[in-house]
Amino acid sequence: MSEKGSVVIDLKFERRDVDQALAGALAGRQVLHASDKAADLSNASYAFLWKPDLNLFERAPKLKVLFSGGAGVDSILATPGLPNIPIVRFVDESLTTRMSEWVVLQCLSHLRQAPTYLVQQRARIWKELHQPEAKDLTVGVMGLGVLGQDSARKLKIMGFNVIGWSRTKKAIEGIETYDASELDAFLARTDILVGLLPLTGETRGIFNGSLFSRLRQNGALGAPVFINAGRGGSQVEKDLIAALDAKTLGGASLDVFEHEPLSPDSRFWSMDNVIVTPHAASASDVRALLRNAEVQMGRFERGEPLQHVVDRTTGY
Ligand code: NDP
Ligand code: OXD
């Protein structure tokens, strides 16, 4: 038995990728895999989780800290029997950078009408389209946490006007911000809406028909665009399809869905003005996950406070 607390891995990555990442990581700690049904987890101190196995907490009753395999913790918080111990979110530069790349890519794709040009290309149509500039558009970012703030800054560098909305007011240089009570004013200025919210009781279904109708309708793109990489549970997909059909929304980029994987029957697959990616906007890097958790375990064992701990009252 090692002196340092032992670790249970219950991540949904390929075992081969986890084993590769474990080479040289978590030195001096016993590492157990929840997928190994014969493993004795009874003395484990830490667990890495994504969508936890339902009997994990019975098998590992002495856990002291849980490490989320991602930035979002909605699936962990919804697990029955979840012990009342700290949950550490995954916060890492690689995750943040990848998300901002995806967000900037989607905003530029809609600005430069990539979906329409792709349709024209397939039909061998040579036709130039009306082209506003980034500065003619306002991107409104809903959720100004680790990911939202970085995306907002990078969108600003690309020349967009950028505004942001979050539960509590933020001060970000060059970006006008709104708090939860100012949603209408924020939406009325927004041409491209970017969702980077966690899924909580308050944000479930927030992207609905009423919200879409309050976005700016006469902006330079002709109709507003909706981009979501937060969680699918925050969007009401029947309202989204209705808004796209009615042209209340001119387009969308969706990385997350009410049900994942997205059903082959979903209309989103075939809508010309919709870009679909398979919850891949920013995948967690296992090595970074282990590296970050190792730092936190060291802090915990030295009696220092953990960082990025989930607030169970707000749910993120
Ligand atoms: P943070 O916890 O750092 O930020 C969350 C932001 O949302 C904060 O600004 C918070 O406000 C705001 N917020 C939360 N609830 C409300 C509310 N009710 N009203 C208004 N604002 C609210 O999270 P991250 O930026 O790290 O991640 C955001 C989400 O992105 C994750 O929870 C996850 O669901 C998703 N994600 C998706 C990935 C993908 O590949 N698609 C990858 C990684 C993450 P305040 O600042 O006031 O607290
Ligand atoms: C996350 C995700 O929350 O990948 O990190 O969705």
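If you read the sequence from its start, that first residue is 1, and numbering goes on from there. First listed ligand is number 1; within each ligand, the first listed atom is number 1.
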Tabulated below should be the N or O atoms of ligand 1 paired with protein N or O atoms at under 3.5 Å; can you produce that?
| unit_1 | atom_1 | unit_2 | atom_2 | d |
| --- | --- | --- | --- | --- |
| ligand 1 | 3 (O) | Arg89 | NH2 | 3.1 |
| ligand 1 | 3 (O) | Val146 | N | 3.0 |
| ligand 1 | 9 (O) | Leu144 | N | 2.9 |
| ligand 1 | 9 (O) | Leu144 | O | 3.4 |
| ligand 1 | 9 (O) | Gly145 | N | 3.0 |
| ligand 1 | 11 (O) | Arg167 | N | 3.4 |
| ligand 1 | 11 (O) | Tyr316 | OH | 3.4 |
| ligand 1 | 18 (N) | Glu202 | OE1 | 2.8 |
| ligand 1 | 21 (N) | Arg167 | N | 2.9 |
| ligand 1 | 23 (O) | Arg89 | NH1 | 3.4 |
| ligand 1 | 25 (O) | Val146 | N | 3.3 |
| ligand 1 | 25 (O) | Leu147 | N | 2.9 |
| ligand 1 | 26 (O) | Arg89 | NH1 | 2.9 |
| ligand 1 | 26 (O) | Arg89 | NH2 | 3.2 |
| ligand 1 | 34 (O) | Gly230 | O | 3.3 |
| ligand 1 | 34 (O) | Arg231 | NH1 | 3.1 |
| ligand 1 | 40 (O) | Ser282 | N | 3.1 |
| ligand 1 | 40 (O) | Ser282 | O | 3.3 |
| ligand 1 | 41 (N) | Ala229 | O | 3.0 |
| ligand 1 | 41 (N) | Asp255 | OD2 | 2.8 |
| ligand 1 | 46 (O) | Lys170 | NZ | 2.7 |
| ligand 1 | 47 (O) | Arg167 | N | 3.4 |
| ligand 1 | 47 (O) | Thr168 | N | 2.6 |
| ligand 1 | 47 (O) | Thr168 | OG1 | 2.5 |
| ligand 1 | 47 (O) | Lys170 | NZ | 3.3 |
| ligand 1 | 48 (O) | Tyr316 | OH | 2.5 |

Measuring only between side-chain heavy atoms, which start at C-beta, is [X] closer than 4.5 Å to [Y]?
| X | Y | answer |
| --- | --- | --- |
| Arg189 | Glu176 | yes |
| Trp269 | Val274 | no |
| Ser284 | Phe13 | yes |

Exercise. Which residues satisfy the side-chain contact (heavy atoms from CB on, under 4.5 Å) test with Lys156, sequence neighbours excluded?
Worked result: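 Lys156 satisfies side-chain contact (heavy atoms from CB on, under 4.5 Å) with Val162, Ile175 only.
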Exercise. Who pairs with Gln20 by side chain to side chain donor-acceptor pair (under 3.5 Å), at least two apart in sequence or on another chain?
Worked result: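 For Gln20 there are no side chain to side chain donor-acceptor pair (under 3.5 Å) partners, ignoring immediate neighbours.
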Exercise. For Arg29 and Glu301, what are the C-alpha separation, side-chain angles and deciding distance, and is it a salt bridge (charged side-chain N to carboxylate O under 4.0 Å, His left out)?
Worked result: CA-CA 13 Å; Arg29 296 185 190 276; Glu301 289 168 2; 2.9 Å; yes
Exercise. Under a 4.0 Å heavy-atom cut-off, what residues line ligand 2?
Worked result: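 Residues Trp50, Gly70, Ala71, Gly72, Arg231, His279, Ser282 each place a heavy atom under 4.0 Å from ligand 2, listed by chain and number.
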Exercise. Side chains of Thr200 and Arg204: do they bring a donor and an acceptor to under 3.5 Å?
Worked result: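 Note: Thr200 and Arg204 side chains miss the donor-acceptor criterion.
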Exercise. What is the distance from atom CG of Leu249 to atom CD1 of Ile241, rounded to the nearest 0.5 Å?
Worked result: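 The distance works out to 11.5 Å.
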For this session: Return the orientation label for the Phe67 and Tyr46 ring planes: parallel under 30°, perpendicular over 60°, tilted otherwise.
Result: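 Tilted: the ring planes of Phe67 and Tyr46 meet at 30° to 60°.
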